[in-house]
Amino acid sequence: MSKTELASGGSGRAALGEEIVARINQLAAISETPEHLARIFLSSEHRAAADLILSWMREAGMAAHLDAIGNVCGRYEGENAGLPCLMLGSHYDTVRDAGKWDGPLGLLSAISCVADLNRRGRRLPFAVEVVGFADEEGVRFASTLLGSRAVAGTFVESALNARDRDGVSMREAMVKFGLDPEHIGAAARARRELHAYVELHIEQGPVLEQKDLAVGVVTAIAGATRLAARLTGMAGHAGTVPMAMRRDALAGAAECIGMVEEFCKTDEAGLVGTVGYIDAMPGATNVIPGMVSFTLDIRAPSDPHRKMAVADIVRRIEAIAKRRDLVLQLDVTHENRTVPCAPWLKAQVADAVAAEGFGVFELPSGAGHDGMAMIDVADVAMIFVRCRGGISHNPAEHVETADADAGARVLLRLVENFRPREASSPSSSRP
Ligand code: HGY
Ligand code: MN
Ligand code: MN
């Protein structure tokens, strides 16, 4: 049987992929603007999406609620009420002008898997919980993984004072959304309540497509450092201030950006660096820019390498600012270590992939995921699903229905065969 035949329902079960893709499209219609998908943390669209997801969770047989940070949480009881759970999930916020699969694919696949168990009246010796994390992308308040950090109990209260580009604080936005910022602690879960956390996600890179595989087994999630930089010079008249007398903050930022690109390009150990946002003030054709803010996102497969690179880049930015007589403010807004997937759990993902008839292929994740926060409360594993051209964070992001189905079937197989760590051993990791 070919992979495509398998992916389109070789197990004889109703195709999960079609339900998932239909819902992906429904969710994608909930956006700040119809032309460019954006579902930003604590916006009214975010709230509408939460309500829709909660309704799908209930339809799938779960008890569902919105937790203290805005995560959508569903619980499907096991053979007895109150058992520890296998937690599945992904995020339902998006970047700006996003693709519709990044986050929702994992979340909706998990809901469809539970719905399938429920239709068959299948109860397991553990509960299954599904979480739609409220903020993974960190678009609004500069720090990422706010939803999963709240669940892991590592949410830092001072984050509530962060302000978005319109000056609205997270605290204010939470109240508007209908949440109580004083009770975020209530979202935290204890390690004893979770057997593990497993996330299905689109690969967001080209490797699976190149290997002609619908799914992959993730080995680790690469660490990342994000910084916010502000250069302050002197605004002035574009026609009168001689070039040698300028303190042009935008020209300084441009030099920094070029330096970051060159620095990362010449690195041979997989370092990547991105300046994804820049704002120049006052922003007029005939005014020398007096103040510029920009962000930096630096990632590498190894933590020591990333840390050394960040220190080196910071020194170079400082030198550029000094030479140009610009005042520099540089803050680390986010730092995450590399998170390895737990070997015992990864072995069960590999078993599920093999049991569904796919080749087992392991690959690391260069993109960040909620597992980076969940590692503080549970062992973590991930399943990747192929996406067209490896394109992500782009409206052209696309997953074939057959691949969505393949991913969901692997996830379902994993759930049905899941053995908690205590019950799993290397010899029992293959069927
Ligand atoms: O930026 C990331 O890696 C993720 O997509 N939030
Ligand atoms: Mn993303
Ligand atoms: Mn994502």
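Note that ligands are numbered from 1 as they come in the structure, with each ligand's atoms numbered from 1 the same way. All values reported here derive from a predicted model rather than from experimental measurement.
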- Task: Please test Arg386 against Asp212 for salt bridge (Lys or Arg N to Asp or Glu O under 4.0 Å), starting from the C-alpha separation and ending with a verdict.
- Result: CA-CA 9 Å; Arg386 164 170 62 187; Asp212 195 22; 3.5 Å; yes
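For an aromatic pair to be called close, the ring centres must be under 6.0 Å apart, and His369 with Phe384 satisfies this.
A side-chain contact (heavy atoms from CB on, under 4.5 Å) with Met87 holds for exactly one of Arg189, Glu193, Glu199; it is Arg189. Among Arg421, His195, Lys346, the single residue meeting the side-chain hydrogen bond (donor to acceptor under 3.5 Å, both in side chains) criterion with Asp379 is Arg421. A salt bridge (Lys or Arg N to Asp or Glu O under 4.0 Å) with Glu32 is found for exactly one of Arg96, Arg39, Arg140, namely Arg96.
Angle OE1(Glu137) to the Mn ion (ligand 2) to OD2(Asp102), rounded to 10°: 140°.
Taking distance alone, with nitrogen or oxygen atoms compared against 3.5 Å, Glu137 approaches ligand 1 more closely than that limit.
Closest N/O/S atom of His201 to the Mn ion (ligand 3): NE2. Taking the N/O/S atoms of His393 in turn, the shortest distance to the Mn ion (ligand 2) belongs to NE2. The atom of His91 that is an N, O or S and sits closest to the Mn ion (ligand 3) is NE2.
For ligand 1, the atoms sitting less than 4.0 Å from at least one non-hydrogen atom of Gly368 are 2 (C), 3 (O), 4 (C), numbered in the order shown with element in parentheses. The contact set between ligand 1 and Glu136, taken as ligand atoms under 4.0 Å from a residue heavy atom, comprises 4 (C), 6 (N). Within ligand 1, counting atoms from 1 as listed, the ones closer than 4.0 Å to a heavy atom of Arg226 are 1 (O). Against a heavy-atom cut-off of under 4.0 Å, Ala367 is close to the following atoms of ligand 1: 3 (O).
Taking 4.0 Å as the cut-off, Arg299 counts as a neighbour of ligand 1 on heavy-atom distance. At a 4.0 Å cut-off, not a single heavy atom of Met372 sits close enough to ligand 1 to count as contact. The shortest separation from a heavy atom of His393 to ligand 1 is under 4.0 Å, placing the residue in contact.
Ion pair Arg149/Asp376 not flagged as a salt bridge, since none of the NZ, NE, NH1 or NH2 atoms sits closer than 4.0 Å to an Asp/Glu carboxylate oxygen.
A cation-pi arrangement is found for Arg123 relative to Tyr76, the charged atom lying closer than 6.0 Å to the ring centre and inside a 45° cone about the ring normal.
Distance check: Asp303 CG to Met308 CE gives 13.0 Å after rounding to the nearest 0.5 Å.
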